[in-house]
There are 2 protein chains.
Amino acid sequence: MKTPQEVFADFLADRNLKTTPQRRLILDTLLKQNGHLSPEELYAKVKKRDKSIGQATVYRTLKLLNESGLIETLDFADGVTRYEPSYGEEHHDHLICERCGKNIEILDTVIENRQEQLAAEHGFALLRHKMYLYGLCDECRKKKQ
Amino acid sequence: MKTPQEVFADFLADRNLKTTPQRRLILDTLLKQNGHLSPEELYAKVKKRDKSIGQATVYRTLKLLNESGLIETLDFADGVTRYEPSYGEEHHDHLICERCGKNIEILDTVIENRQEQLAAEHGFALLRHKMYLYGLCDECRKKKQ
DNA sequence: ATTCATGCAAAAACTTTGCATGTAA
DNA sequence: TTACATGCAAAGTTTTTGCATGAAT
């Protein structure tokens with residue numbers, strides 16, 4: 001299996017785009033963090049390693065990474081766009097505590113299978129999906145109020 | 001069962017906020033349209049009925065409607081925030097064609113039940129959820145390219 | 001009478017774009 | 001060498017906020 005770095009290099013080559021130090025750095029930073037970064041947080045982290053990098057490069061690279069299938073966008077319903085690496089990782093969904101923000105990654109074959117089936121019933125070829133479960137975690141429910 | 005208008009009025013009263021013609025108009029417009037409006041589209045529609053209404057009032061009212069549970073935000077992964085009335089409607093998820101944008105509302109008890117179960121397994125009390133299935137519809141797959 | 005809501009315009013937040021320069025292939 | 005990428009700053013978008021005026025309770 002190709003590494004994410006290889007996937008990205010191939011993706012860029014296919015489109016006659018170039019593998020640059022900035023693009024590598026941004027991908028590495030995302031992979032190292034392993035998930036849930038907003039563009040701004042990512043920019044801050046990347047900037048620690050390369051003072052001269054520009055905000056625009058981060059946005060441009062996020063777009064490319066998204067198109068290449070290496071990352072996907074998340075919507076935790078708090079108004080912040082986040083990205084998470086998705087290549088090589090098994091797909092998963094998110095279980096989010098609305099009070100404390102705790103975020104648990106979940107995977108369930110019953111649901112995954114049923115999604116395929118539902119899409120097929122409507123004549124759709126399923127490409128991907130997103131599922132978010134919002135609730136209150138144990139601890140938050142124990143706390144008064 | 002209370003009407004959405006009553007729910008909103010009660011919600012506002014609870015918080016010592018006021019029921020204004022603008023707020024009523026915005027809610028009515030959303031309900032009449034029955035779904036999937038961006039703030040800008042909503043503003044345009046509302047403006048047809050009340051020339052003098054301001055953009056800011058639409059945003060402020062959308063926030064209140066969201067807090068009151070009457071509407072929810074949708075994420076069709078196209079960068080546009082949309083809202084849809086959710087009160088009184090049976091909950092549903094969305095099946096979206098990535099090529100033509102066709103959007104089918106779906107509901108499935110197998111998935112709904114399993115979601116509850118999954119949340120419980122992780123100690124969560126499930127409050128709500130969102131599920132989006134992205135794929136290609138029949139027609140789009142038949143078209144060449 | 002109070003307190004909140006509104007419209008407007010300004011500001012803030014977020015993202016994209018144009019351009020001159022730099023660099024990967 | 002050529003074509004693409006970068007950083008910067010400017011410009012777009014989208015959403016929020018401050019304020020004087022107006023309206024609901």
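Everything numeric here is computed off the predicted structure, so don't read it as measured data. Below, chain A is the first sequence line, B the second, and so on; all start at residue 1.
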ask   = DNA chain C: A:V80 or A:R60, which has the more 5' nearest nucleotide?
value =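 Upstream on the strand: A:V80.
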So which atom in [X] and which in [Y] form the shortest heavy-atom distance, rounded to 0.1 Å?
| X | Y | answer |
| --- | --- | --- |
| A:Y43 | A:G54 | CE1-C, 3.6 Å |
| B:L30 | B:P85 | O-CG, 3.6 Å |
| B:S68 | B:F8 | OG-CD1, 4.3 Å |

query = Nucleotide by nucleotide, 5' to 3', does protein get under 4.0 Å of the base (B), only the sugar-phosphate (S), or neither (-) in nucleotides 20-25 of chain C, counting heavy atoms?
reply = ----BS
query = Hey, are B:Q5 and B:D28 close enough side-chain-wise for a donor-acceptor pair under 3.5 Å?
reply =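 Their side chains do contain a donor-acceptor pair, which is all the 3.5 Å distance test asks for.
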ask   = Who passes ring-ring contact (aromatic ring centres under 6.0 Å, His included) against A:F76, sequence neighbours left out?
value =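 A:H36, A:H94.
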Check: [X] side chain, [Y] main-chain N or O, donor-acceptor pair, under 3.5 Å:
| X | Y | result |
| --- | --- | --- |
| A:T57 | A:I53 | no |
| A:N66 | A:L62 | no |
| B:K130 | B:T73 | yes |

message = Please report the distance, rounded to the nearest Å, between CZ in B:R15 and P in C:dT3.
response =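 So the two atoms are 19 Å apart, to the nearest Å.
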key: d(CD, A:E41; P, C:dC14) in whole Å   =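 Nearest whole value for this atom pair: 11 Å.
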request  = State which residues pass salt bridge (charged side-chain N to carboxylate O under 4.0 Å, His left out) with A:K102; sequence neighbours excluded, sorted by chain then number.
outcome  =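 A:K102: salt bridge (charged side-chain N to carboxylate O under 4.0 Å, His left out) contacts with A:E139.
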key: Residues which pass salt bridge (charged side-chain N to carboxylate O under 4.0 Å, His left out) with B:E121, listed by chain and number, not counting sequence neighbours   =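 Applying salt bridge (charged side-chain N to carboxylate O under 4.0 Å, His left out) to B:E121 gives B:R114.
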Residue pairs fulfilling salt bridge (Lys or Arg N to Asp or Glu O under 4.0 Å) with at least one residue in residues 43-62 of chain A, sequence neighbours excluded =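 Applying salt bridge (Lys or Arg N to Asp or Glu O under 4.0 Å) to every pair that reaches into residues 43-62 of chain A, excluding sequence neighbours, yields nothing.
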request  = Take the C1' atoms of the five end pairs on each side of the helix from C:dA1-D:dT25 to C:dA25-D:dT1, get both axes, and report the angle to 10 degrees.
outcome  =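 Taking five pairs per end, the axes differ by 40°.
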key: Opening and closing nucleotides of DNA chain D in contact with chain A, under 4.0 Å to non-hydrogen atoms   =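 Contacts span D:dA3 to D:dC8, reading 5' to 3'.
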task = Kindly indicate whether the side chain of A:E98, heavy atoms from C-beta on, has any atom under 4.5 Å from the side chain of B:F124.
result =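 No. Closest side-chain heavy atoms not under 4.5 Å.
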query = Does A:K63 place a side-chain N or O at less than 4.0 Å from the phosphate oxygens OP1/OP2 of C:dT15?
reply =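 So the side-chain polar atoms of A:K63 never come under 4.0 Å of the phosphate oxygens OP1 or OP2 of C:dT15.
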ask   = By a strict heavy-atom criterion of less than 4.0 Å, which residues belonging to residues 43-55 of chain A are in contact with DNA chain D?
value =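 Per residue number, the list reads A:S52, A:I53, A:G54.
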key: Within residues 25-32 of chain A: residues closer than 4.0 Å to DNA chain D (heavy atoms)   =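 Hits under 4.0 Å, by residue number: none.
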query = side chain to side chain contact (heavy atoms under 4.5 Å, CB included) with A:H91: which residues, sequence neighbours excluded?
reply =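 Checked A:H91 against side chain to side chain contact (heavy atoms under 4.5 Å, CB included); matches are A:D93, A:E112, A:H129.
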request  = Name all residues meeting the side chain to side chain contact (heavy atoms under 4.5 Å, CB included) criterion together with A:L17; count only those two or more places apart in sequence or in a different chain, and write none if there are none.
outcome  =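 Once residues adjacent in sequence are excluded, the partners of A:L17 under the side chain to side chain contact (heavy atoms under 4.5 Å, CB included) criterion are A:L12, A:R15, A:R23, A:L64.
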Residues 131-138 of chain B side chain polar contacts: donor-acceptor under 3.5 Å, at least two apart:
unit_1, atom_1, unit_2, atom_2, d
B:Y132, OH, B:D75, N, 3.0
B:Y134, OH, B:D75, O, 3.1
B:D138, OD1, B:R141, NH2, 3.2

